[in-house]
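The chains referred to below are lettered A, B, ... by the order of the sequence lines, with proteins before strands, and numbering in each begins at 1. Keep in mind that what you see is a predicted model, and the values were worked out from it rather than measured.
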Amino acid sequence: MMANGMDTVVQQNGNSALGQTSQEESKTNLIVNYLPQTMTQEEIRSLFSSIGEVESCKLIRDKLTGQSLGYGFVNYHRPEDAEKAINTLNGLRLQNKTIKVSYARPSSEAIKGANLYVSGLPKNMAQQDLENLFSPYGRIITSRILCDNMSGLSKGVGFIRFDQRVEAERAIQELNGTIPKGSTEPITVKFANNPSNNNKAIPPLAAYLTPQATRRFGGPIHHPTGRFRYIPLSPLSSTGKTMLAINKGLQSRYSPLAGDLLANSMLPGNAMNGSGWCIFVYNLAPETEENVLWQLFGPFGAVQSVKVIRDLQTNKCKGFGFVTMTNYEEAVVAIQSLNGYTLGNRVLQVSFKTNKSKAA
DNA sequence: TATCATT
């Protein structure tokens, strides 16, 4: 990132990538939250480039291990593209996540360390109740109540992120040890641990030397197995067919059909191109845009890129497009699920790409 | 009783 030592002074600004002063609101800079763990910076850039030209894109990673922290920044050249990205990509389901796209606040010390951990909550308290409890003390950026993955019931702990640290400090003073209306137990309110320096049992030097091994077998892992369970919600707005298609795809995840598809893709001109599996999508409507392909394929796994093929004169879709997915298994499930899926009034044909771009 | 929101 830092090209040379001359950048030192500008870097202290904290907003050097934007070329703006640190107090100034940006209409082009977005923060993207709840990104899938495996999504790369280039995949994020690819996704957001489907809206408009991206000026810069940065995935935030753990300084020691390089692991994604699940959020990043996208800065557009044009404010209208940033607005369109919020309107079309906020709430997009990708793998096991629903991403959040919003304007980035200007970076400053005052907004750091404003996240609170709350425990001892009554089990019947909902997210909105939690916000109502904390909202008198400041502007809430996010709120969350943790639930048991199997039962869906509250675990009685949650998080509140305020806009300003002073707001969080005030909330601790006022609410820690108090008993919410209708409850019998006092709640605990304190600053949340910072997830990026989670050095509780990981010797930093060992983590640096063997990041993968330490991550997997060494320190405590706060990822319950169920966290990565795929919850088959509709990627589009709740048509029954979509639900059916996805459920069918998941159930047949390890079906023998996968072998046939693999054999097919290994023919000359196969779908495997260097870093991913190229999927041919046929019978798209003329007005189809890239975000449709992201919505269709994103829930099935890592999508590297999408492309709608357009007529150069009219700029309308010529009826087909391509999607490149990283993992073979996920590509198979996507194909099995989406081939034959009715989008609008059209039945899609979805297969691995062949040499002659001919529908299989 | 611990999620990945400030480069």
Side-chain angles (χ1 to χ4, degrees), chain A residues 1-2 7 10-20 22-26 28-39 41 44 55-63 65-75 90 95-123 125 127 130 139-149 151 153-165 167-168 185-201 215 219-224 226-228:
Chain A
M1 200 66 196
M2 202 185 301
D7 289 343
V10 187
Q11 289 289 329
Q12 289 171 353
N13 175 308
N15 255 324
S16 59
L18 301 180
Q20 63 173 37
S22 56
Q23 304 307 91
E24 176 175 23
E25 292 278 350
S26 168
T28 59
N29 194 30
L30 303 178
I31 185 165
V32 187
N33 289 291
Y34 308 108
L35 290 165
Q37 179 61 234
T38 60
M39 199 165 184
Q41 183 164 289
I44 296 163
E55 188 274 331
S56 63
C57 171
K58 184 165 191 180
L59 173 64
I60 306 305
R61 299 173 175 281
D62 184 289
K63 284 185 175 62
T65 67
Q67 295 279 311
S68 165
L69 292 182
Y71 70 95
F73 297 89
V74 174
N75 190 39
N90 184 40
Q95 296 168 245
N96 55 336
K97 301 286 187 183
T98 301
I99 68 169
K100 179 182 176 187
V101 183
S102 52
Y103 288 112
R105 293 171 287 162
S107 184
S108 74
E109 284 305 309
I111 69 172
K112 292 178 183 171
N115 195 21
L116 296 178
Y117 174 74
V118 188
S119 57
L121 296 168
K123 301 288 198 230
M125 181 177 266
Q127 183 181 8
L130 185 66
R139 175 186 166 204
I140 294 171
I141 300 299
T142 54
S143 66
R144 184 184 202 86
I145 288 180
L146 300 185
C147 295
D148 181 90
N149 283 305
S151 68
L153 265 38
S154 167
K155 292 165 87 168
V157 305
F159 294 88
I160 289 281
R161 180 181 300 277
F162 280 104
D163 181 42
Q164 305 286 319
R165 184 175 175 96
E167 297 169 339
E185 187 190 350
I187 60 172
T188 299
V189 184
K190 56 187 183 183
F191 285 114
N193 295 334
N194 190 329
S196 61
N197 2 309
N198 186 4
N199 40 22
K200 264 181 281 191
R215 219 355 113 104
I221 297 177
H222 303 296
H223 299 173
R227 185 178 156 199
F228 296 105

Point to revise | Which residue lies more 5' along DNA chain B, comparing A:Tyr71 with A:Glu185 via nearest heavy atoms | key: A:Glu185

Practice item. Return the nearest nucleotide to the side chain of A:Ser119; candidates are B:dA2, B:dT6, B:dT1. Key: B:dT1

Practice item. Look at A:Arg161 and B:dT6 and indicate whether a side-chain polar atom (N or O) is within less than 4.0 Å of OP1 or OP2. Key: yes

**Study point:** A:Arg61 side-chain N/O to B:dT7 phosphate OP1/OP2 under 4.0 Å
**Key:** no

Review point. B:dT3, B:dA2, B:dT1: which one has an atom nearest the side-chain heavy atoms of A:Lys123?
Key: B:dT1

Point to revise | Atom pair distance, as rounded to whole Å: CD1 in A:Ile145 and P in B:dT1 | key: 17 Å

Check your understanding: When you check the phosphate oxygens OP1 and OP2 of B:dT7, does a side-chain N or O of A:Lys112 lie under 4.0 Å from one of them?
Key -> yes

Review point. What nucleic acid atoms does A:Arg105 come within less than 4.0 Å of, heavy atoms only: base, sugar-phosphate, or nothing?
Key: base

Point to revise | Side chain proximity check, A:Tyr103 to A:Leu30, heavy atoms < 4.5 angstrom | key: yes

Study note, to complete from the structure: When rounded to whole Å, the CG to P distance for the pair A:Leu35 and B:dT6 reads 13 Å

Exercise for review: Calculate the interatomic distance between A:Ile31 atom CD1 and B:dC4 atom C1'; express it in whole Å.
Suggested key: 11 Å

Practice item. Consider the side chain of A:Lys58, meaning its heavy atoms from C-beta on, and name the nucleotide among B:dT6, B:dC4, B:dT7 that approaches it most closely. Key: B:dT7

Check your understanding: Can A:Tyr117 be called stacked on B:dA2 when the rule is centres closer than 5.5 Å and an angle between planes below 30°?
Key -> yes

Practice item. Report yes or no: do A:Ser143 and A:Gln127 form a side-chain donor-acceptor pair below 3.5 Å? Key: yes

**Study point:** Between B:dT3 (P) and A:Leu69 (CG): distance, integer Å
**Key:** 13 Å

Check your understanding: Would a 4.5 Å heavy-atom cut-off, applied to side chains only, mark A:Phe159 and A:Ile145 as touching?
Key -> no

Practice item. Mind calculating the distance between CZ (A:Phe191) and C1' (B:dT3) to the nearest angstrom? Key: 17 Å

Point to revise | Candidate nucleotides B:dT3, B:dT7, B:dC4, ranked by approach to the side chain of A:Ser107 - the nearest | key: B:dT7

Review point. So do the side chains of A:Arg105 and A:Asp163 get within less than 4.5 Å of each other, counting heavy atoms only?
Key: yes

Point to revise | A:Ile99 CD1 to B:dT3 P, straight-line distance once rounded to whole Å | key: 21 Å

Exercise for review: Could you check A:Thr28 against A:Glu55 for side chain to side chain donor-acceptor pair (under 3.5 Å), going step by step and ending with a plain yes or no?
Suggested key: CA-CA 9 Å; A:Thr28 59; A:Glu55 188 274 331; over 6 Å; no

Check your understanding: For the side chain of A:Gln37, counting heavy atoms from C-beta on, which of B:dT6, B:dC4, B:dT1 is nearest?
Key -> B:dC4

Exercise for review: Counting heavy atoms from C-beta on, name the nucleotide in B:dT3, B:dT7, B:dT1 closest to the side chain of A:Val157.
Suggested key: B:dT1

Point to revise | Between P of B:dA2 and CG of A:Leu121, the distance in whole Å | key: 13 Å

Practice item. Please tell me if the side chains of A:Gln67 and A:Gln37 come closer than 4.5 Å, counting only heavy atoms from C-beta onward. Key: yes

Exercise for review: Just compare B:dC4, B:dT7, B:dT3 and give me whichever is closest to any side-chain atom of A:Leu146.
Suggested key: B:dT3

**Study point:** Nearest-angstrom distance from the residue atom CD1 of A:Ile160 to P of B:dA2
**Key:** 17 Å

